[in-house]
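To start, the structure under review is shown below, and the notes come after it.
What you see below is based on every heavy atom in this structure, not just the backbone, and it leaves out hydrogens, waters and symmetry mates. For ligands, and for the atoms within them, numbers begin at 1 and follow the listed sequence.
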Amino acid sequence: MTSAPRRIDLRSDTVTRPDDTMRAAMAAAEVGDDVLDHDPTMRELEERAAALLGVEAMLWVPSGSMGNLIALMAHLRRGDRFLAARGSHVLEAELGTPAWLAGGMPHPLEWSGRPGRVAADDVSAMAAGSAPYYALRTTLLCLENTHNFAGGTVTPPDEHALLVATAREAGLKVHLDGARLWNAAVALSVPPAALTVGVDTVQVCLSKGLGAPVGSLVGGSAAFVAEARRLRKMLGGGVRQGGVLAAGGLVALSRINDVAADHANARTLAAGLAELGWEVTEPQTNIVLASVPDTPTTLAMLDRVGVPAVAVPGGVRFVTHRDVLAADIAEALHRIKSA
Ligand SMILES: *Cc1c(COP(=O)(O)O)cnc(C)c1O
């Protein structure tokens, strides 16, 4: 090999960089002090996202993890049990903050045959109300759509509605981790609001497939958002002239439908890898999971050919995104074949 090949980075959709259009919007943003009162561009982003997601109000936060944590802090009292699908981001990838900072007792729900999806019966069984006074009190169900570690799997609106109804009937609150809700909505051809029906709170990411450099939003009722603003400040997430960041978020929100191209690229990648004899999942959105016998060796090979991916239990994960084009996927497959 004479010169290093261009890297085709499939580790995550978080590697996306703001393009010229987004940078220009950020440079031109109208700003104010969002900690004192409100930054006008922040407010515009929050209002537009609330309308899109069918909730009363939303709050910009620096990260999805902070958005989830704020929701859990608002919902949980110390020692309350919360339910979440096995492998959920809140269980596996947020440093234990749901327990450490929000005081919750986590309880993983098994996948009900389909990766990343849980059964309504398991929700009601865990929430059984007639337990003695010293039993754990279950107060919250956390959903994740798409489910990241299950391979970007989608929960459709009817199943979402059944889970929410079951949780409500059992007296549970519902938080939706919608870091990639956009991908679910596009894969299902439904508006994002069709996937938030009945939830108390929802968190969405702007900094993944939509390409913003920073930012998530967490929302629900206006009363929740008023409390969330206090919690954000407590966690060090209040920013002042945040309009510079929010302007990138507004451009990101205009690009939701673009993730359809990422989904097509994921299907091409999975089909190509399968042709090369890899054992891969059929992608529902922009994530491809491959089972490999020796993950470190495979990751080292991928890195050597300039197609980095990440380790997941039992294999490797590839994520397609807006900075990787169809031609890059073809090139990636070519390099993997040659290796
Ligand atoms: C990325 C992600 C988050 C957290 O977002 P950060 O901005 O990285 O903190 C939360 N949930 C899911 C499912 C994610 O994929």
ask   = Would Ser216 and Met66 satisfy side chain to side chain contact (heavy atoms under 4.5 Å, CB included), going step by step from the backbone distance to the final call?
value = CA-CA 9 Å; Ser216 285; Met66 188 185 288; over 6 Å; no

Using a strict threshold of under 4.0 Å (side-chain N to carboxylate O), is an ion pair present between [Y] and [X]?
X	Y	value
Arg43	Asp34	no
Arg255	Asp19	yes
Arg137	Asp80	yes
Asp200	Arg168	yes

Sub-4.0 Å atoms of ligand 1 with respect to non-hydrogen atoms of [X]:
X	value
Glu94	10 (C)
Glu144	13 (C)
Ser63	7 (O), 9 (O)

With heavy atoms only and a cut-off of under 4.0 Å, state how [X] meets ligand 1: side chain, backbone, both or neither.
X	result
Ala179	side chain
Asn68	side chain
Arg180	side chain

key: ligand 1 contact by His147, heavy-atom criterion under 4.0 angstrom   = no

key: Polar contact flag for Asn148 and ligand 1 (N/O pairs, less than 3.5 Å)   = yes

ask   = Taking atom CG of Leu181 and atom NZ of Lys208, what is their separation to the nearest 0.5 Å?
value = 12.0 Å

message = Assess the residue pair Asn148 and Ile287 against the criterion (side chain to side chain contact (heavy atoms under 4.5 Å, CB included)); give the C-alpha distance rounded to whole Å, side-chain angles, the decisive distance to 0.1 Å, and a yes or no.
response = CA-CA 8 Å; Asn148 180 350; Ile287 298 178; 3.9 Å; yes

Return the residue, atom name and 0.1 Å-rounded distance of the protein heavy atom closest to [atom].
atom	value
atom 11 (N) of ligand 1	Asp177 OD2, 2.6 Å
atom 9 (O) of ligand 1	Ser65 OG, 2.6 Å
atom 6 (P) of ligand 1	Gly64 N, 3.5 Å
atom 14 (C) of ligand 1	Lys208 NZ, 2.7 Å

request  = Test Val214 against Trp60 for side chain to side chain contact (heavy atoms under 4.5 Å, CB included), laying out the working first.
outcome  = CA-CA 10 Å; Val214 192; Trp60 183 94; 4.1 Å; yes

